[in-house]
Amino acid sequence: MTDSKYFTTTKKGEIFELKAELNSDKKEKKKEAVKKVIASMTVGKDVSALFPDVVNCMQTDNLELKKLVYLYLMNYAKSQPDMAIMAVNTFVKDCEDPNPLIRALAVRTMGCIRVDKITEYLCEPLRKCLKDEDPYVRKTAAVCVAKLHDINAQLVEDQGFLDTLKDLISDSNPMVVANAVAALSEIAESHPNSNLLDLNPQTINKLLTALNECTEWGQIFILDCLANYTPRDDRESQSICERVTPRLSHANSAVVLSAVKVLMKFMEMLPKDLDYYGTLLKKLAPPLVTLLSAEPELQYVALRNINLIVQKRPEILKHEMKVFFVKYNDPIYVKLEKLDIMIRLASQANIAQVLAELKEYATEVDVDFVRKAVRAIGRCAIKVEQSAERCVSTLLDLIQTKVNYVVQEKKLKLDDEYCNELVQLQLLTAIVKLFLKKPTETQELVQQVLSLATQDSDNPDLRDRGYIYWRLLSTDPVAAKEVVLAEKPLISEETDLIEPTLLEELICHIGTLASVYHKPPSAFVEGSRGVQHKRIPARAGSGESAESPDVGQSGPSEAPPAVIPSQGDLLGDLLNLDLAPPAATVPSVQPSMQMGAMDLLGGGLDSLMGAGLGAAPVAMPAALGGAPAVGGGLGDLFDLGGGVGMPTGSYVAPKTVWLAAMKAKGLEISGTFARRGGIIQMDLSLTNKAMSVMTDFAIQFNRNSFGLSPAGALQVLTPLSPNQTIDVSLPLSMSGPIMKMEPLNNLQVAVKNNIDVFYFSCQYPLSLLFVEDGKMERQVFLATWKDIPNDNEAQFQIKDIHLNSAEYASKRELNY
């Protein structure tokens, strides 16, 4: 009869009957009762009322019964901590039992009971078990140290268990070594600065010796530990690789992937001209191919890891294209992964084979897979430029199939109206380009075309493009030439590759969930206290530094890359910004751009300052209590507040989001403006909502109404890790180039980092530009006042003033 009988009882007095059976004098009846209790616990019934009766059953020599009782204790000890103490004496006694299985069982159970009252009783038995003569007890005790550390880390350190654990790495039994490594690794992950695993050549040699003799999961623990070691030179790296290579032929796929991880990391230190380097590349391919003969779920995990390996080292599998050809019975998730890897491995040597295979996929019945196969042909044309004509020919052949969903992927059905709009847009651009190349011959033509596009056209796209061209040509023809005649960037297959820094980190996590998700552990492990950004060591003799996501220069790069902006809402010459660090000397404003020569304020001052001087500011701080505002942040000049003066000092608006993360590849920028000690400051909060580390920040402004420009570099001194926010204050000067903006206080900004250049616009308060003393020479004031158009003048009558002219003048002096 099977154990299913224990799950079928439905008697009304079940707890009472079980209680009676647990207290029976017959050992067999008592064991049957405990099995029934465990069965009830397994299906979710509350049998905690039987806790004292079950604990009494611990006093037995029957190993099976003792295991069942310990299982019950682990489940209910947390809800019955006072009752669990009753079992302590039995645990201590069992830790000295002649049978090593019982000793190990006792110490393992005590480690699993997460009750603070019991942990203090665990120390002495655990210390004895760590030095037990039987290796089975020692390896169990090693794991127990990690569990106890999770409950009470200070207790473990005070009792010296960590030092004992380090000593077990030199144990003669390989399984004890493996469990000691696993325990230390787990503790080190939660305390990354503890330096518990102080790996050195002697320790590495001991681990490699144990690697050949321990179980498969022990091998995984040791291999993962080896992956965290950085060899001293290429000779040591080669020695380790030679001793790890036999693990590639292991039957367990997890061991194989862990070995691949170690080899991929240590290969970085081997010179490429070394004979062993080529041999190692050849040895890595067969085990990866073998993983694809497993069941679909394992195939998928293997393919996700292979995808990373191919991005890092495509030469490993460049001759194994056929194993990634899709089989008719592959699940869709396996098919799509194989398709992606096929494209990554495509080259001039195998493109004919790949295209023939993709053409075959395009005739299958799975519509989604067919569409992706057709897109893959286009990606192949981008990656292997020499085969572009052959790829187009393949697509034309597929069009002849007349299958709707195949044709739709390759051809856009255009009606006559849409075709006309496209032609008009292309003609407009072509004429502007012709004018920029031959201005004297085509000036009249471009004026006529721009007039037609902006005044007579009903097409908003054509009209908007016409206005953009008109503004560019009339404002700055040189900038217009650089924008309109700029070379178009080549479409690259690298757009879907993982960012290099993230790829290096994922390579260090091969064989884990991170390599399946293609995300770093910090992106999906909740509450991870010690997730570390791992790195691949630099190649020997390459002169490269071991660049880590956690270590790098934060200053802007000296040679700014040519970048295409991802947003098209910024006009002027923002597209042509020089994103190098600000020069030591800022060029002065040209005389033709001075205030007297150009009405920078135009008619936009009223919209910025509100309806009138008596209107409250848009964002009144709570501290001001809604008192009448006469100039934002100044005192009450006319004592209209009933004698209660407004606080002096400038008001700083709260930060708002200027650049959303979804528009900047995970970088979110919030900010505000302030004036401190006579210096204008832009206060920024940079938040990394992406999965890779961000470095090399730089900032630049477009020309603006008042010549605002950065007075120094953007000081982001440390790399910006995922989910991290850095606050930085950027001093500004008013010595930059001037160009009237709409509205006047509009500021267009470009921010660069190691990922891309991002553009946004924000508005600064005009009060930011006012100097603290506010004094002006009489003649200058009168001349400036006369320059303001009469249309911009507004008059207001203020009633109930209790000050005479002398008192008002004195108060005005204090405020200004």
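No hydrogens, no waters, no symmetry mates; every other heavy atom, side chains included, goes into these values. Numbering of residues begins at 1 and proceeds along the displayed sequence.
A distance-only check finds a donor-acceptor pair linking the side chain of Lys265 to the backbone of Ala227 [under 3.5 Å]. Remark: the backbone N or O of Asn212 is not paired with any side-chain donor or acceptor of Gln219 at under 3.5 angstrom. Side-chain atoms of Asp340 do not come within 3.5 Å of backbone N or O of Arg344 as any donor-acceptor pair. Not a single donor-acceptor pair under 3.5 Å links the side chain of Glu32 to the backbone N or O of Lys29. A donor-acceptor pair under 3.5 Å is formed between the side chain of Tyr72 and the backbone N or O of Val47. The backbone N or O of Val255 sits nowhere less than 3.5 Å from a side-chain atom of Ser258 that would complete a donor-acceptor pair.
The shortest side-chain heavy-atom distance between Cys214 and Phe221 does not fall under the 4.5 Å cut-off. Using a 4.5 Å heavy-atom threshold, the side chains of Asp233 and Glu236 count as touching. Within the 4.5 Å cutoff, the side chain of Ser40 has no heavy atoms near those of the Asp46 side chain. With contacts defined as side-chain heavy-atom distances shorter than 4.5 Å, the pair Arg243/Asn205 qualifies. In this structure, the side chains of Val107 and Pro125 stay at 4.5 Å or more apart for every pair of heavy atoms. With a 4.5 Å cut-off on side-chain heavy atoms, Ser692 and Glu505 do not count as touching. Contact annotation: the side chain of Leu263 approaches that of Leu248 to within less than 4.5 Å [non-hydrogen atoms, C-beta and beyond]. Between Val323 and Lys338 there is no side-chain heavy-atom pair separated by less than 4.5 Å.
Ion pairing of Asp171 with Lys206 is absent here, as no side-chain N (NZ or NE/NH1/NH2) approaches a carboxylate O to less than 4.0 Å. A salt bridge links Arg127 and Glu124; the closest N-O separation between the charged side-chain nitrogens and carboxylate oxygens is under 4.0 Å. Under the 4.0 Å criterion applied to side-chain N and carboxylate O atoms, Glu268 and Lys312 are assigned as salt-bridge partners. Under the 4.0 Å criterion applied to side-chain N and carboxylate O atoms, Glu96 and Arg103 are not assigned as salt-bridge partners. A salt bridge links Lys35 with Glu64: at least one charged nitrogen is closer than 4.0 Å to a carboxylate oxygen.
Considering NE2 of His509 and CG of Leu308, their distance stands at 11.5 Å, rounded to 0.5 Å. Rounded to the nearest 0.5 Å, atoms CD1 (Ile240) and CG (Leu211) are 11.5 Å apart. Atom CG of Leu281 sits about 5.5 Å away from atom CD1 of Ile316, to the nearest 0.5 Å. Put simply, SG on Cys112 and CE on Met74 are 5.0 Å apart, with the number rounded to the nearest 0.5 Å. The distance from the NZ atom of Lys261 to the CD1 atom of Ile309 is 11.5 Å, given to the nearest 0.5 Å. Here the straight-line distance linking atom OG1 of Thr42 with atom CG of Leu71 works out to 7.0 Å at 0.5 Å rounding.
Of all non-hydrogen atoms in Leu122 and Cys144, the two that sit nearest each other are CD2-SG, 4.2 Å. Taking both residues in full, the closest heavy atoms of Arg304 and Val516 are given as NE-O, 2.8 Å, listed atom of the first, atom of the second, then distance. Here the closest heavy-atom approach between residue Pro231 and residue Phe266 is recorded as CD-CE2, 3.8 Å. Scanning all heavy atoms of the two residues, the minimum distance from Ser515 to Ile510 falls at CB-CA, 3.9 Å. Shown here for Leu223 and Val244, the closest heavy-atom pair between the two residues is CD2-CG1, 3.8 Å. Across Ala210 and Ile222, no two heavy atoms sit closer than the pair CB-CD1, 4.1 Å.
Between Asn307 and Gln311, the side chains place a donor N or O and an acceptor N or O closer than 3.5 Å (distance only, hydrogens not considered). Judged purely by distance below 3.5 Å, without hydrogens or angles, the side chains of Asp94 and Tyr70 pair a donor atom with an acceptor atom. For the residue pair Arg138 and Asn173, no side-chain donor N or O sits within less than 3.5 Å of a side-chain acceptor on the partner. No hydrogens or angles considered: nothing links the side chains of Arg247 and Asn252 as a donor-acceptor pair under 3.5 Å. Using modelled atom types, one finds no donor on one side chain facing an acceptor on the other under 3.5 Å when comparing Ser237 with Asp234. For the 3.5 Å distance criterion, the side chains of Gln299 and Tyr333 fail to qualify, holding no donor opposite an acceptor. Side-chain atoms of Lys283 and Thr245 include no donor-acceptor pair closer than 3.5 Å.
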*How far apart are the C-alpha atoms of Thr695 and Leu720, what are their side-chain angles, what is the distance that settles it, and do they pass the side chain to side chain contact (heavy atoms under 4.5 Å, CB included) test?*
CA-CA 6 Å; Thr695 58; Leu720 187 58; over 6 Å; no
*Before giving the answer on side chain to side chain contact (heavy atoms under 4.5 Å, CB included), spell out for Cys129 and Thr140 the whole-Å C-alpha distance, their side-chain angles and the decisive distance to 0.1 Å.*
CA-CA 8 Å; Cys129 290; Thr140 306; over 6 Å; no
*Show your working on side chain to side chain contact (heavy atoms under 4.5 Å, CB included) between Ile306 and Phe324 and close with a plain yes or no.*
CA-CA 11 Å; Ile306 289 171; Phe324 299 106; 3.9 Å; yes
*Given the rule in the side-chain hydrogen bond (donor to acceptor under 3.5 Å, both in side chains) test, do Thr203 and Asn200 qualify, once you have shown the distances and angles that lead to the verdict?*
CA-CA 5 Å; Thr203 307; Asn200 52 58; 2.9 Å; yes
_side chain to side chain contact (heavy atoms under 4.5 Å, CB included), that's the test. Do Leu284 and Met267 meet it? Break it down for me._
CA-CA 11 Å; Leu284 278 170; Met267 280 175 67; 3.6 Å; yes
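The side chain to side chain donor-acceptor pair (under 3.5 Å) search around Asp97 returns none, not counting sequence neighbours.
Residue pairs meeting the ring pair (Phe, Tyr, Trp, His ring centres under 6.0 Å) criterion with at least one partner in residues 138-161, sequence neighbours excluded, are His149-His191.
Heavy-atom neighbours of Glu186 CD from other residues, nucleotides or ligands within 6.0 Å: at or below the threshold of 12. In Lys519, the NZ atom is not crowded: 12 or fewer heavy atoms of neighbouring residues, nucleotides or ligands sit closer than 6.0 Å. Atom CZ of Arg235 has 12 or fewer heavy atoms from other residues, nucleotides or ligands within 6.0 Å. Heavy-atom contacts from other residues, nucleotides or ligands closer than 6.0 Å to CG of Asp275 number 12 or fewer. Counting heavy-atom neighbours within 6.0 Å of Tyr517 OH, excluding the residue itself, gives a total of 12 or less.
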Report, one line per pair, each donor and acceptor closer than 3.5 Å where one atom sits in a side chain of residues 285-295; sequence neighbours left out.
{"from": "Thr290", "atom 1": "OG1", "to": "Pro286", "atom 2": "O", "distance (Å)": "2.8"}
{"from": "Ser293", "atom 1": "OG", "to": "Thr290", "atom 2": "O", "distance (Å)": "2.6"}

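For the side-chain contact (heavy atoms from CB on, under 4.5 Å) with Ile169, the qualifying choice from Leu199, Val176, Leu207 is Leu207, the only one to do so.
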